[in-house]
Colleague: 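Quick one: the structure is below, questions incoming.
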Amino acid sequence: MEKYIGRNKWKWVEWNSEKMDLNGSSRSGEDPVMTSWLNQIGKDKTNSLRVTSLENGEKVINGSLIYKQSYTDEHDYKIFHFFLTCDQLFTADLEIVSMNQDTLYRLLSRTNNAVEGFLLFLGELMNETLVEIDQFEETLKTLIWSVRKRNEIGILELVYKRRHELLICKNLLIPINEVKMAIDEINFPDIKDGDFFSCTCKRIERAMVLLNEYEHEIDSLINLEEVISSHRGNEIMKTLTVLTTIFTPIMAFGSLWGMNFKHMPELGWRYGYIFSIALIIISTAFLYYFIKNKGWTGDLLKGKKRGSFFK
């Protein structure tokens, strides 16, 4: 158990849920709300938030918050539990990797109450999230250019993979934003005018704006992929239709003279073979030029340029 007494005598207590003595902790929490929260530590596996009051009327926020989540494994995540009043903050399993203990205590010394201390923790967690968003931005930029350079089914798979990662990020951010709204709802004294509330709110807002913008970019990529796939599918069907039409004389005459009827006058012609070849070539060429003059071939006879979407 880690304990910190800050300015104005506000208190922060950090537990490890696997090592804490729940019975002893429950005895230290005289209020039923506190006792109930202590008994839930380690049991909550999802985000939860409760805004209530202690027996003395003091407002309290408690719950659990998932702040790290693997992109590939649903069960690989980090969750911490918190109990917050104006002058007391209890947390369990909170891990902030972006700063060491000395830096953390130095920042905590600037806080005036437990709410500002909690906002400091939320702000640092948001800072770590923003770093991950910057890394996501790099992969998204690479993906955007990959769509132009080598458009294939593997790229579409990557687009939806990035889309899934973005959904996970937003899924982590929404509960954090809810906690901020709960703090705003209770209206703790002298909180909204402080730097910690302002800084944390702006970080949450910045992350939300970035994720929304990246969502629009990915949606645009998906729409682009759908248009390209639809266009190429239509081109393939058009190509097959044109080729089938052009080779119709060959198949028709081949089927006609491949029959086994006894009386077929063409079989006795001296120049029947040459005549049939000429007739097939002339009819095929006529169909080809007819289709081309109608403009039905479009760009089918042109090769696709490398790095082009449609040409």
Side-chain angles (χ1 to χ4, degrees), residues 1-8 10-17 41 44 47-49 60-71 76-138 165-166 168-184 186 188 190-211 214:
M1 181 178 72
E2 184 177 355
K3 188 173 182 180
Y4 174 82
I5 304 297
R7 186 187 300 176
N8 297 330
W10 75 268
K11 180 175 67 175
W12 168 48
V13 178
E14 163 64 14
W15 284 300
N16 184 323
S17 63
I41 291 179
D44 284 341
N47 292 303
S48 63
L49 181 65
V60 59
I61 300 174
N62 67 86
S64 303
L65 192 65
I66 296 175
Y67 62 100
K68 293 285 185 181
Q69 174 68 61
S70 170
Y71 292 140
D76 183 9
Y77 61 86
K78 291 183 178 180
I79 184 172
F80 82 96
H81 316 277
F82 60 92
F83 187 96
L84 175 65
T85 65
C86 188
D87 57 357
Q88 292 187 98
L89 171 61
F90 300 91
T91 60
D93 302 327
L94 177 61
E95 180 183 357
I96 300 177
V97 299
S98 61
M99 62 173 63
N100 56 40
Q101 192 176 51
D102 292 337
T103 303
L104 177 61
Y105 284 158
R106 178 173 55 82
L107 291 174
L108 283 173
S109 65
R110 296 166 49 194
T111 60
N112 296 310
N113 50 56
V115 181
E116 288 191 348
F118 184 67
L119 288 169
L120 170 64
F121 296 148
L122 279 187
E124 290 305 315
L125 292 178
M126 285 307 308
N127 208 29
E128 295 177 5
T129 301
L130 287 168
V131 172
E132 294 182 1
I133 291 176
D134 288 340
Q135 296 172 353
F136 177 83
E137 181 183 7
E138 294 180 8
E165 292 175 357
L166 185 64
I168 292 175
C169 287
K170 295 192 74 172
N171 185 254
L172 292 176
L173 193 58
I174 290 173
I176 295 178
N177 191 45
E178 184 186 6
V179 172
K180 185 264 294 184
M181 294 170 65
I183 294 175
D184 193 15
I186 288 183
F188 287 108
D190 302 324
I191 295 299
K192 294 183 180 180
D193 297 332
D195 293 337
F196 291 100
F197 183 81
S198 175
C199 179
T200 301
C201 288
K202 289 184 182 300
R203 286 181 180 177
I204 294 174
E205 182 182 357
R206 180 154 60 102
M208 291 289 287
V209 169
L210 288 174
L211 292 181
Y214 294 150

Colleague: Looking at every heavy atom in both Tyr71 and Glu132, which two are closest together, and how far apart are they?
Modeller: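 Looks like OH-OE1, 4.3 Å.
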Colleague: Can you say whether the rings of Trp12 and Tyr105 are parallel (under 30°), tilted (30 to 60°) or perpendicular (over 60°)?
Modeller: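 Aromatic pair Trp12/Tyr105 classed perpendicular.
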Colleague: Under the side-chain contact (heavy atoms from CB on, under 4.5 Å) test against Leu84, which residue among Val179, Val115, Leu119, Thr91 passes?
Modeller: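 Of all the options given, the one that passes is Val115.
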Colleague: Check this for me: Arg7, atom CZ, are more than 12 non-hydrogen atoms of other residues, nucleotides or ligands nearer than 6.0 Å?
Modeller: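 It does: Arg7 CZ has more than 12 such atoms within range.
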Colleague: Between Ser198 and Asp195, do the side chains contain an N or O donor and an N or O acceptor separated by less than 3.5 Å?
Modeller: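 Side-chain D/A pair, Ser198 to Asp195: absent.
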Colleague: Please name the pair of heavy atoms, one in Ile191 and one in Phe197, separated by the smallest distance, quoted to 0.1 Å.
Modeller: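 That closest heavy-atom pairing would be O-CB, 3.2 Å.
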Colleague: Can you tell me how far apart OH (Tyr214) and CG (Leu166) are? Round to the nearest 0.5 Å.
Modeller: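 Here the interatomic distance stands at 10.0 Å.
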Colleague: Can you tell me how far the CG atom of Leu107 sits from the CZ atom of Phe196, to the nearest 0.5 Å?
Modeller: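 Nearest 0.5 Å value for the CG-CZ distance: 6.5 Å.
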Colleague: What heavy-atom pair brings Asp76 and Gln69 nearest, and what distance separates the two atoms?
Modeller: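 Between these two residues, the closest heavy atoms are O-NE2, 3.3 Å.
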Colleague: Salt-bridge test for Lys78 and Asp93: reply yes if a basic N is under 4.0 Å from a carboxylate O, no otherwise.
Modeller: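 Between Asp93 and Lys78 there is no salt bridge, as every charged N stays at least 4.0 Å from the carboxylate O atoms.
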Colleague: First locate atom CD1 of Ile186, then atom CD1 of Ile61, and finally report the distance between them rounded to the nearest 0.5 Å.
Modeller: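 So the CD1 of Ile186 and the CD1 of Ile61 are separated by 3.5 Å.
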Colleague: What's the shortest heavy-atom distance between Ala92 and Glu14, and which atoms?
Modeller: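 Looks like N-OE1, 3.6 Å.
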Colleague: Take the angle between the ring planes of Phe80 and Tyr67 and call it parallel below 30°, perpendicular above 60°, tilted in between.
Modeller: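 Taking Tyr67 first and then Phe80, their aromatic rings stand perpendicular (interplane angle over 60°).
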Colleague: So among Phe118, Phe82, Trp15, which one has a ring-ring contact (aromatic ring centres under 6.0 Å, His included) with Phe90?
Modeller: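 Of all the options given, the one that passes is Trp15.
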Colleague: Using a strict 4.0 Å threshold on nitrogen-to-oxygen distance, state whether Lys180 and Glu205 make a salt bridge.
Modeller: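 Answer for the salt bridge query: no.
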Colleague: To check you understand the geometry: which heavy-atom pair defines the closest contact between Leu122 and Ile176, and what is its length?
Modeller: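 In terms of heavy atoms, the two residues are closest at CD2-CG2, 4.3 Å.
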Colleague: Taking atom OG1 of Thr200 and atom CD of Glu124, what is their separation to the nearest 0.5 Å?
Modeller: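 Here the rounded value is 8.5 Å.
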Colleague: Output the distance between atom CG (Leu108) and atom OH (Tyr4), rounded to the nearest 0.5 Å.
Modeller: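 Those atoms lie 5.0 Å apart.
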Colleague: For the residue pair His81 and Asp44, what are the closest heavy atoms and their distance?
Modeller: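 Distance-wise, the nearest heavy atoms are CE1-O, 3.6 Å.
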Colleague: Roughly how far, to the nearest 0.5 Å, is the CZ atom of Arg206 from the CE atom of Met126?
Modeller: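 Met126 CE to Arg206 CZ: 8.5 Å, rounded to 0.5 Å.
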Colleague: With side-chain contact (heavy atoms from CB on, under 4.5 Å) as the test, would you mind laying out the steps for Thr129 and Leu172 before giving the verdict?
Modeller: CA-CA 9 Å; Thr129 301; Leu172 292 176; over 6 Å; no
Colleague: Can you spot which of Asn112, Asn113, Thr111 makes a side chain to side chain donor-acceptor pair (under 3.5 Å) with Trp10?
Modeller: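 For Trp10, the side chain to side chain donor-acceptor pair (under 3.5 Å) test succeeds with only one of Asn112, Asn113, Thr111, which is Thr111.
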Colleague: Show your reasoning for whether side-chain contact (heavy atoms from CB on, under 4.5 Å) applies to Glu128 and Ile96.
Modeller: CA-CA 9 Å; Glu128 295 177 5; Ile96 300 177; 3.6 Å; yes
Colleague: If you apply the rule side-chain contact (heavy atoms from CB on, under 4.5 Å), what do you find for Leu94 with Leu125, and how did you get there?
Modeller: CA-CA 10 Å; Leu94 177 61; Leu125 292 178; 4.2 Å; yes
Colleague: Please step through side-chain contact (heavy atoms from CB on, under 4.5 Å) for the pair Asp102 and Arg106, ending with a clear verdict.
Modeller: CA-CA 6 Å; Asp102 292 337; Arg106 178 173 55 82; over 6 Å; no
Colleague: For the backbone of Ser48 and the side chain of Ser64, can you confirm whether one donor and one acceptor N or O come within less than 3.5 Å of each other?
Modeller: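 Checking the backbone N and O of Ser48 against the side chain of Ser64, no donor-acceptor pair under 3.5 Å is found.
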